[in-house]
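Scope of the values below: all heavy atoms of this structure, side chains included, with no hydrogens, waters or symmetry mates.
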Amino acid sequence: TSDLQTYIVHVTPPDGQRLSELKDLESWYYSFLPTDSTTSRNERRLLYSYQNVMTGFAARLTPDEVATMQDKPGFVAAHPEQIYSLQTTHSPQFLGLPLNQGSSNSSTMGKGIIIGIMDTGVTPDHTSFSGDGMPPPPAKWKGRCDFKPSQCNNKLIGAKTFDSSAKKNVTMPPIDDDGHGTHTASTAAGASVQQANTLRMAEGTAVGMAPYAHLAIYKVCSTDCFLGDILAGLDAALADGVDVISISLGGGSAPFYMDGIAVATFAAVQRGVFVSCSAGNSGPFSESLSNEAPWILTVGASTIDRNIVSNVKLGNGEEYEGETIYQPSFPSTLLPLVYPGIDGTEGSIYCVPGQLKSSQVEGKIVLCERGFVGRYFQAIEVKRAGGAGMIMMNQEIDGFSTLADAYVLPASHVSYFAGNKIKAYINATRTPTATIMFKGTVFGNPTAPALTSFSSRGPSLISPGILKPDIIGPGVNILAAWPFPIRNDTKAKYYFNIISGTSMSCPHLSGIAALIKGIHPDWSPAAIKSAIMTTAKQLNVKQNPILDERLQPADVFAIGAGHVDPEKAIDPGFIYDMHPDDYIPYLCGLGYTDKQVATIVHKPVKCSGVSSIPEGELNYPSFSVNLGPPQTFTRTVTNVGTDYSPYVVTVVPPQGVHVTVKPNKLTFSKLNQKATYSITLSRANSTQDVAKFTQGFLRWDSKKYS
């Protein structure tokens with residue numbers, strides 16, 4: 001019937017039984033469904049029976065049927081299925097990879113580690129997924145590869161499709177008809193490919209972060225990503241034996257017990273599986289994060305030091321830098337320049353499809369403002385109306401963050417600042433003229449890494465006492481494998497594309513986590529996350545503070561701990577470790593009910609018998625505190641370093657805050673030894689006004705580590 005929709009239903013086993021003790025899980029799940037559902041021939045009601053990521057199932061139900069189900073013993077909750085969206089080369093060198101094989105922490109390049117990619121599938125015949133020189137997967141691998149045998153190899157060891165809208169019992173190969181999944185998989189663990197480029201731009205060797213890691217592909221998205229399919233992919237990944245899970249999808253904020261990805265990834269962490277997720281592309285607005293659970297690594301996006309440059313030269317001699325990928329030969333002579341938005345209508349300001357008049361733009365360079373419709377559609381409209389070229393100018397919120405795209409005509413994407421100067425020139429000149437000067441690929445941008453405008457920002461809505469995002473990594477103009485030719489460039493044997501998003505930064509961190517796990521196979525997900533966070537950089541290549549889209553120093557709600565530094569993360573000195581059970585007092589402290597906590601941690605919990613802790617007491621490598629009366633928090637660190645000189649603390653207190661750390665020196669005499677310190681935060685005795693948010697840091701220095 002038309003009011004059927006997909007629900008994710010959480011249930012609890014009878015009389016405290018464990019899930020594994022239930023002989024026939026599917027029959028028990030069926031017992032919650034309306035009695036006619038087993039006889040209805042046309043409709044598959046039970047879509048997925050989950051075994052690892054949660055106790056429950058995905059089913060097609062009416063609201064009335066859900067209401068009836070609530071009276072059945074074992075029912076916990078049912079939520080309508082959420083729809084998630086995708087968060088859409090040179091980066092290894094920029095990150096200092098591959099690590100020098102001769103150094104004491106020479107990396108194994110991810111050898112023996114399996115990365116599970118939750119995405120749109122993959123292009124199996126792409127040379128980025130060649131198995132040449134790869135060892136076979138470890139013995140623990142239990143998955144299967146649903147491509148032709150010739151397309152599976154020691155690189156691409158697993159491939160499955162989860163599509164609840166498909167006909168039942170048809171095994172579909174997870175072919176990527178979008179591109180997103182091919183791009184993310186090759187970023188995490190693609191094989192080395194020489195002379196990779198997009199339309200001859202950014203040419204070089206394309207290689208993943210962990211080129212010897214194995215890839216297991218779970219196709220859980222086509223255009224959209226339905227939570228039932230995502231949970232089924234995660235359920236399979238845990239059964240198959242992956243070590244790292246990469247999720248470049250996001251769906252806004254919800255309390256953790258209602259956030260399917262948070263619940264499923266907790267089950268992953270309980271099995272020692274590391275999870276990296278994109279922070280979201282809803283920046284620069286605050287509180288715009290997705291995937292903010294503390295057991296997930298939440299990854300924002302920043303630039304690398306490579307630009308694909310196309311400059312705008314005006315008739316008055318002024319020149320402004322912009323970017324674009326498609327760089328054909330273009331006349332150096334000046335052409336008429338026009339800003340159709342002078343009439344003030346949205347259609348012409350944003351070059352909306354069908355809104356430009358050929359009489360106004362034909363043969364001219366057209367200035368369009370970014371927004372309202374996708375950038376590609378704006379370019380198509382300029383071309384349709386006969387424009388010779390396009391200047392895409394940022395809105396104010398995007399500031400100086402520009403992106404290189406493969407437009408359908410000569411173009412330049414310029415900053416808000418440059419756009420305003422170009423507008424002023426048009427307004428002040430009777431016959432304004434301009435040309436676009438293509439400069440190709442340029443390395444050495446001194447502001448890299450810089451935070452990009454679209455990267456989602458904290459603070460976390462669901463748990464403001466946990467500082468999010470955790471880290472930033474390369475997510476702007478990233479070259480990686482692609483299924484299709486770009487702009488009919490069919491000459492290339494294998495295709496690559498340059499795209500941007502926290503979807504691109506997430507698999508960089510998934511691959512780096514695989515590098516760390518390859519060297520430290522016994523480290524917990526919390527240990528790996530701590531190593532990544534405590535070694536991160538707060539300074540750019542010129543040793544100045546990392547900047548945001550306004551060219552202002554980026555704050556902690558933008559960059560978290562800072563920009564990833566893989567070489568240091570492999571040997572961090574000490575770590576802030578956690579056992580999965582350590583999250584239970586924290587979840588009780590959020591005010592969740594016993595049932596809600598049990599949904600997340602996959603076992604019965606009585607918060608009355610747990611000493612709840614405030615968020616700041618979780619053994620996390622950051623603090624996020626509401627200032628009031630003095631508050632003291634403790635942190636326990638574990639020595640994983642080889643240098644036994646004492647660590648001495650340096651405190652840079654947030655403005656208006658008094659900070660004391662006891663003790664101010666930590667000493668270790670052996671590996672895995674633990675030490676504890678306390679930090680007390682109180683208002684400084686000052687009359688000065690303190691901003692709404694203020695930030696600082698603690699730094700522990702030994703002879704070798706910081």
Side-chain angles (χ1 to χ4, degrees), residues 269 293-295 297 458-460 463-468 470 523-536 556 560-561 572-592 597 601 605 607-641 644 646-654 657-684 694-702 705-706:
V269 167
W295 46 91
L297 183 74
S460 162
S463 183
I466 301 294
L467 184 60
K468 288 280 180 170
D470 294 307
W523 279 14
S524 69
I528 295 172
K529 172 195 268 205
S530 169
I532 289 169
M533 289 173 66
T534 63
T535 57
V556 288
F574 68 59
I575 50 168
Y576 296 78
D577 204 0
M578 273 189 279
H579 184 275
D581 284 352
D582 296 344
Y583 293 102
I584 294 174
Y586 153 81
L587 292 166
C588 290
L590 288 178
Y592 293 173
V597 176
V601 303
V605 170
C607 281
S608 56
V610 171
S611 43
S612 299
I613 57 169
E615 294 162 288
E617 195 56 29
L618 195 65
N619 201 38
Y620 210 74
S622 59
F623 301 92
S624 180
V625 178
N626 256 333
L627 212 51
Q631 296 172 76
T632 300
F633 301 103
T634 55
R635 288 290 184 271
T636 299
V637 298
T638 306
N639 177 48
V640 293
Y644 296 112
Y647 285 87
V648 181
V649 75
T650 301
V651 180
V652 174
V657 182
H658 183 66
V659 180
T660 40
V661 176
K662 288 178 180 167
N664 61 4
K665 193 181 283 188
L666 300 174
T667 45
F668 299 104
S669 56
K670 57 181 193 283
L671 206 58
N672 295 321
Q673 185 180 352
K674 294 187 186 300
T676 297
Y677 68 86
S678 72
I679 174 172
T680 303
L681 302 134
S682 57
R683 281 187 191 279
T694 165
Q695 65 184 57
F697 61 84
L698 307 183
R699 193 179 72 233
W700 294 93
D701 293 299
S702 73
Y705 300 105
S706 180

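- Looking at residues two or more places apart in sequence or on another chain, you find a side chain to side chain donor-acceptor pair (under 3.5 Å) between Thr680 and Thr632.
- Counting heavy atoms from C-beta outward, Arg683 and Leu627 have side chains that approach closer than 4.5 Å.
- Taking CG of Leu618 as the reference point, atom OG of Ser624 lies at 12.5 Å (rounded to 0.5 Å).
- Listed by chain and number, the residues in a side chain to side chain contact (heavy atoms under 4.5 Å, CB included) with Pro464 are Glu615 (sequence neighbours excluded).
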Working for side-chain contact (heavy atoms from CB on, under 4.5 Å), residues Val640 and Asn672: CA-CA 6 Å; Val640 293; Asn672 295 321; 4.3 Å; yes
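- By the ring pair (Phe, Tyr, Trp, His ring centres under 6.0 Å) test, Phe623 is found to be paired with no residue, residues two or more places apart in sequence or in another chain being considered.
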Verdict with reasoning, Asp701 to Val648, per side-chain contact (heavy atoms from CB on, under 4.5 Å): CA-CA 5 Å; Asp701 293 299; Val648 181; 5.7 Å; no
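- With values rounded to the nearest 0.5 angstrom, Ser622 atom OG is found 7.0 Å from Arg635 atom CZ.
- Taking OH of Tyr705 as the reference point, atom OH of Tyr647 lies at 6.0 Å (rounded to 0.5 Å).
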Stepwise side-chain contact (heavy atoms from CB on, under 4.5 Å) test for Phe633 and Val625: CA-CA 10 Å; Phe633 301 103; Val625 178; 3.7 Å; yes
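- At least one side-chain heavy atom of Trp700 sits less than 4.5 Å from a side-chain heavy atom of Val661.
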Name the atoms and distances for all side-chain donor-acceptor pairs under 3.5 Å in residues 526-534, with sequence neighbours left out.
| unit_1 | atom_1 | unit_2 | atom_2 | d |
| --- | --- | --- | --- | --- |
| Lys529 | NZ | Pro294 | O | 2.5 |
| Lys529 | NZ | Ile296 | O | 2.8 |
| Lys529 | NZ | Tyr620 | OH | 2.7 |
| Ser530 | OG | Tyr576 | N | 2.9 |
| Thr534 | OG1 | Ser530 | O | 3.1 |

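- No side-chain heavy atom of Ile466 sits under 4.5 Å from any side-chain heavy atom of Ser460.
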Do any side-chain atoms of residues 662-671 form donor-acceptor pairs under 3.5 angstrom with protein atoms, and if so which ones, sequence neighbours left out?
| unit_1 | atom_1 | unit_2 | atom_2 | d |
| --- | --- | --- | --- | --- |
| Ser669 | OG | Gln673 | OE1 | 3.2 |

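- Inspection of the Thr634 and Ser678 side chains reveals no N or O donor paired with an N or O acceptor under 3.5 Å.
- When each of Val637, Asn639, Thr638 is paired with Ile575, the side-chain contact (heavy atoms from CB on, under 4.5 Å) condition holds for Thr638 and for no other.
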Can you list, pair by pair, the side-chain donor-acceptor contacts under 3.5 Å of residues 577-589, counting residues two or more places apart and other chains?
| unit_1 | atom_1 | unit_2 | atom_2 | d |
| --- | --- | --- | --- | --- |
| Asp577 | OD1 | Ser524 | OG | 2.5 |
| His579 | ND1 | Asp581 | N | 3.0 |
| Asp581 | OD1 | Lys603 | NZ | 2.8 |
| Asp581 | OD2 | Lys603 | NZ | 3.3 |
| Asp582 | OD2 | His579 | N | 2.8 |
| Tyr586 | OH | Ser463 | OG | 2.7 |

